[in-house]
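Everything on this sheet refers to the single structure shown next.
The structure presented is a predicted model; accordingly, all values stated were derived computationally and were not measured. Hydrogens, waters and symmetry mates play no part in the numbers below; they use all other heavy atoms, side chains included.
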Amino acid sequence: MSRKPVAAQAGDRSRVELTFDRPQLLSALFGQYDRNLVALENRLGVYITARGNRVGLEGTAEQVALARDVLNDLYVRIQRGEEVDSGLVDASIAMAAEPTLDGIISAEKTGGAPPIMIRTRKKTIVPRTPAQAHYMRELVHNDMIFALGPAGTGKTYLAVAQAVAQLITGSVQRLILSRPAVEAGERLGFLPGDMKEKVDPYLRPLYDALYDCLPAEQVERRIASGEIEIAPIAFMRGRTLSDAFVILDEAQNTTPAQMKMFLTRFGQNSRMVICGDPNQTDLPGGVAASGLADATMRLEGVEGIAMVRFTAADVVRHPIVGRIVEAYEGRDA
């Protein structure tokens, strides 16, 4: 493979050649029609050539170092059985360029396990952005975590994955997932079925995350046994949630009174994660303030409580989602 060189930024030119010991994996590494290499050239401004199991990188020293780390990172992921897509390529580029990751990329390129991961029954999850890496650390080290930021940054998904991992290992006895049903008044009454069938549509994103981390039969069995509970926030009143991993999703749609009620349910040997996007409140008219905004203002800096903030740069869905978030945030500002 050889293409026209991509113009590099000013600076000393550098050339590095990488040799991969399993040529049969290179088609997955390069991507269909070499699209992964093209993405690296376009994003990092390097010139890439491939001959057999050797890949040459040319550009400034910094660009070449980043491209080398990304290729090594992707190669190790392929060896572990992960599927490399455009989203993972973009995430790996972002991770390689981040100077505060404590060697995640360098650890992976040597073939070792990444120092930050969540193991569930169905998959092993590693961070795709620097903010996710920070978030995954906080999920291990703090009892209460507020995850704030736009949709698509992995706030709820990573919390559910960590909760499932702790449930599997026996660190907690229950997994409790909750979110407000902001239309829980008259509109809910017109939906068919009993109370569970009425509120399930509002809780569907939590079910989706669960099924991605556990086999379907285990999810159903654990829900039936009470090990996993999925309920609207109103069902939390009057309870003490001990020996549990508790997640509140869409927390921006709580009132300050609801948020105070929920946070004070915290019991012994529990962990609580509150996820929400402060810029996407769906509270009905007449509600003065979001419980999420009120809680973060009051609890910032309190010992044992971590605040993790995501931005549009941390969106791990299709790249256009990040650009949409940036466009809306720019207009709002």
Side-chain angles (χ1 to χ4, degrees), residues 77 79-83 85 87-88 113-128 132 135-145 147 151-181 193-236 239-251 262 265-275 316-317:
R77 291 176 184 270
Q79 288 179 307
R80 291 204 302 260
E82 295 184 39
E83 182 178 349
D85 55 21
L88 186 55
I116 304 174
M117 65 170 62
I118 299 172
R119 294 187 184 276
T120 68
R121 286 280 190 263
K122 294 182 70 174
K123 59 174 62 177
T124 297
I125 300 163
V126 296
R128 287 195 169 196
Q132 284 193 355
Y135 182 38
M136 290 168 71
R137 288 192 185 97
E138 298 297 344
L139 286 171
V140 173
H141 295 130
N142 282 281
D143 292 331
M144 184 176 291
I145 304 99
T153 51
K155 305 182 300 295
T156 303
Y157 184 86
L158 292 176
V160 171
Q162 179 67 24
V164 167
Q166 292 197 210
L167 185 64
I168 291 171
T169 60
S171 300
V172 295
Q173 302 303 312
R174 294 182 295 164
L175 169 52
I176 300 174
L177 308 174
S178 183
R179 65 186 295 179
D194 57 20
M195 180 56 69
K196 180 180 183 301
E197 292 169 325
K198 290 178 186 292
V199 301
D200 270 0
Y202 300 98
L203 305 172
R204 178 50 51 188
L206 298 174
Y207 283 102
D208 292 342
L210 274 176
Y211 285 120
D212 210 33
C213 296
L214 281 173
E217 64 275 9
Q218 287 198 26
V219 174
E220 301 299 335
R221 176 172 56 79
R222 291 175 186 267
I223 290 176
S225 69
E227 287 182 87
I228 297 176
E229 178 183 349
I230 306 176
I233 190 172
F235 288 23
M236 300 296 112
R239 303 174 60 184
T240 300
L241 307 177
S242 301
D243 295 306
F245 199 116
V246 188
I247 300 171
L248 175 61
D249 191 28
E250 299 291 335
F262 183 82
R265 302 307 93 200
F266 195 84
Q268 294 293 327
N269 190 38
S270 289
R271 183 153 295 162
M272 187 174 281
V273 183
I274 299 92
C275 306
V316 293
R317 293 177 183 168

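- Partner of V160 under the side chain to side chain contact (heavy atoms under 4.5 Å, CB included) criterion, chosen from L214, I247, D208: I247.
- Under a 3.5 Å cut-off, the side chain of S270 and the backbone N or O of L241 do form a donor-acceptor pair.
- Rounding to the nearest 0.5 Å places CD1 of I145 at 14.0 Å from CZ of R137.
- Here F245 pairs with nothing under the ring pair (Phe, Tyr, Trp, His ring centres under 6.0 Å) rule; sequence neighbours left out.
- Atoms CZ and CG, on R271 and L139 in that order, are 7.5 Å from each other to the nearest 0.5 Å.
- Residues passing the side chain to side chain donor-acceptor pair (under 3.5 Å) test with D143, sequence neighbours excluded: none.
- The salt bridge (charged side-chain N to carboxylate O under 4.0 Å, His left out) test applied to R239 returns E229, not counting sequence neighbours.
- For A165, the side-chain contact (heavy atoms from CB on, under 4.5 Å) partners at least two apart in sequence or on another chain are I118.
- Partners of R265 under the salt bridge (charged side-chain N to carboxylate O under 4.0 Å, His left out) rule, at least two apart in sequence or in another chain, do not exist in this structure.
- Residues L206 and R179 are in side-chain contact: their nearest non-hydrogen atoms beyond the backbone lie under 4.5 Å apart.
- Of all the heavy atoms in S178 and F262, the pair that sits closest is CB-CE1, 4.3 Å.
- Listed by chain and number, the residues in a salt bridge (charged side-chain N to carboxylate O under 4.0 Å, His left out) with D212 are K123 (sequence neighbours excluded).
- Atom CD of residue E227 and atom CD of residue Q173 lie 8.0 Å apart, to the nearest 0.5 angstrom.
- Take R174 and apply the side chain to side chain donor-acceptor pair (under 3.5 Å) test, not counting sequence neighbours, and it matches no residue.
- The number of heavy-atom neighbours closer than 6.0 Å to CD of E217, taken from other residues, nucleotides and ligands shown, is above 12.
- Side-chain contact check for T169 and S171: at least one donor-acceptor pair (N or O, by modelled atom type) lies under 3.5 Å.
- Counting all heavy atoms, side chain and backbone alike, V172 lies closest to N269 at CG1-O, 4.3 Å.
- Listed for the Q132 side chain is a donor-acceptor partner under 3.5 Å among the backbone atoms of T153.
- Between L248 and P180 the shortest side-chain heavy-atom distance falls below 4.5 Å.
- A search for salt bridge (charged side-chain N to carboxylate O under 4.0 Å, His left out) contacts involving E138 returns nothing, not counting sequence neighbours.
- Distance check, rounded to the nearest 0.5 Å: CD1 of I168 to CZ of R222 gives 6.0 Å.
- When all heavy atoms are compared, the tightest approach of G154 to Y135 is O-CE2, 4.0 Å.
- Taking Q162 as the reference, Q166 meet the side chain to side chain donor-acceptor pair (under 3.5 Å) condition, with sequence neighbours excluded.
- Listed by chain and number, the residues in a side chain to side chain donor-acceptor pair (under 3.5 Å) with T156 are D249 (sequence neighbours excluded).
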For the pair F235 and I176, evaluate side-chain contact (heavy atoms from CB on, under 4.5 Å) and give the outcome as yes or no after the intermediate values. CA-CA 11 Å; F235 288 23; I176 300 174; over 6 Å; no
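- One finds the CD1 atom of I274 at 13.0 Å from the NZ atom of K155 (value rounded to the nearest 0.5 Å).
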